[in-house]
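All values below come from the heavy atoms of this structure, side chains included, with hydrogens, waters and symmetry mates left out. Quick note on labels: first sequence line is chain A, next is B, and so on, each numbered from 1.
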There are 2 protein chains.
Amino acid sequence: MMGQDRPRTRIQEKNRATILDAALEVFSQHGFRGATLDQIARAAGLSKPNVLYYFPSKEAIHATLVDGLIHDWIEPLRALGPEGDPVEEILAYVRRKLEMSRTMPRESRLFANEIVQGAPRLGPEITGAFKVLVDEKAAMIRGWEEAGRLAPLDPYHLIFSIWATTQHYADFDVQVRSILEPKGDVHFAEAEAFLTALYRAALTPPGPATG
Amino acid sequence: MMGQDRPRTRIQEKNRATILDAALEVFSQHGFRGATLDQIARAAGLSKPNVLYYFPSKEAIHATLVDGLIHDWIEPLRALGPEGDPVEEILAYVRRKLEMSRTMPRESRLFANEIVQGAPRLGPEITGAFKVLVDEKAAMIRGWEEAGRLAPLDPYHLIFSIWATTQHYADFDVQVRSILEPKGDVHFAEAEAFLTALYRAALTPPGPATG
DNA sequence: GTCTATATAAGGATAGAC
DNA sequence: GTCTATCCTTATATAGAC
């Protein structure tokens, strides 16, 4: 419950970081209940009691992890700004999200595990902040649409669809790979091309004969 | 491990069905490890040992559930046929999948839980059958594209995107609701309108001046 | 077929030596 | 700070009465 937030030595910082990385690995793969302190300790190269020397409980490790990741996780949406061409701006958002699925799949699965199970460990501060941010960006998108700079699509469902399509490559990675088989990570380049085409076609306003 | 497949009385069938429904509820919400036999027994209105009278183990309940659901789960993709207009055919698939998210959210989350965690309990028979089916439909879509009846988009990633966008409303239901807030289930109608517009725009071939 | 009681194991957390 | 040993709760599964 209470965070261990007094000054720490370098070795303390290092061990905490090691534990958090190990915990990210284990929690993202097995979910909160499926993860064990034993697995986390082993992944961190420490003994179980030693892990609990740095964090008061398994739940505290998870909470610290979530708190530390949430900022980076919503950064791409925060960065969706009013400058530039709306279509290109949203396409850039899609690409940033896809890039996060490629480079931070564990973080994506950590959140996916939580949300699928009803987000019992994601406090109202987190979900609340999320809603405020989405409302803000949805209003901006709505403005673009009313100005005729974007095809008229429900902004909320547009955002949901971008989350769904991009996070899919991290959250459902095993399924994607089992279907696409051998190719290593090539499918991320394919996915980027596909999603760019999908959203460009849907977002471009009907405008006066652009072809 | 071994299925209990000798003849059963009506009461046996009824209790097995009750248990499986309760298990679907509990597994879909908490995942395999997070679910307990106590929860399943309580949800089924039976005692824990009585549940284990009908199934040899927790794992057997889960396996029976998955085996029983997989057929219905992939039915919409199987139904994607060569008749009619390709764009409308795919849009119909999108609507069927979205409808399943609305009417069978527990089933969707059951599979989501499994796949996010690396599908440790989904045998190669299931994932293998999946790949064969997707390969087949992807080839059909490719054919449509080469005939100029569909905009050229990677068929595999198109299918992934349809899974992602439609299942999102079941798997990430709490997040969707926390952002869309009060409206009861209206968002499914909105989602259908959005997804129809999204895919119609992207799938319609450039063709000779249809507007 | 269904229950109470219980065996047994796993896992979170603590005690206390070093 | 780190470890071994251990406590204690939870959870799967079984025994055996009814």
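For D:dT2, the OP1/OP2 oxygens have a side-chain nitrogen or oxygen of A:N15 closer than 4.0 Å. The shortest distance between the side-chain N/O atoms of A:N50 and the OP1/OP2 oxygens of D:dG1 is not below 4.0 Å. Between B:Y54 and C:dT2 there is a side-chain polar atom (N or O) within less than 4.0 angstrom of OP1 or OP2.
In this structure, A:Y169 has its ring center at least 6.0 angstrom away from the ring center of B:W163.
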Between N or O atoms, less than 3.5 Å apart, protein on one side and nucleotides 9-13 of chain D on the other: list the pairs.
residue	atom	partner	partner atom	Å
D:dA11	OP1	A:R33	NH2	3.3
D:dT12	OP1	B:A35	O	3.3
D:dT12	OP1	B:K58	NZ	3.1
D:dT12	OP2	B:L37	N	3.0
D:dA13	OP2	B:K58	N	2.9

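The two atoms that bring B:K137 and B:L80 nearest to each other are NZ-O, 2.8 Å, heavy atoms only.
Rounded to an integer number of Å, the gap from B:L46 CG to C:dG1 P is 13 Å. For the pair A:Y53 OH and D:dT4 P, the interatomic distance rounds to 17 Å; values are reported in whole Å. Spacing between atom CD of B:E13 and atom P of C:dG1 amounts to 11 Å, rounded to whole angstrom units. The separation between A:I19 atom CD1 and D:dG1 atom C1' is 11 Å, rounded to whole Å. Rounded to a whole Å, the NZ atom of B:K14 is 12 Å from the P atom of C:dG1. Rounded to whole Å, atom P of C:dA13 lies 14 Å from atom NE2 of A:H62.
A salt bridge is defined here as a Lys NZ or Arg NE, NH1 or NH2 lying under 4.0 Å from an Asp or Glu carboxylate O, and A:R200 with A:E88 meets this definition. B:R96 has no carboxylate O lying under 4.0 Å from a charged side-chain N of B:E75, or vice versa, which leaves the two without a salt bridge.
At least one donor-acceptor pair under 3.5 Å links the side chain of B:Q39 to the backbone N or O of B:T36.
Across C:dT4, D:dG1, C:dG1, the shortest atom-to-atom separation from the side chain of B:S47 is found for C:dT4.
Every residue meeting the salt bridge (charged side-chain N to carboxylate O under 4.0 Å, His left out) condition with A:K48, not counting sequence neighbours, appears here in chain and number order: A:D38.
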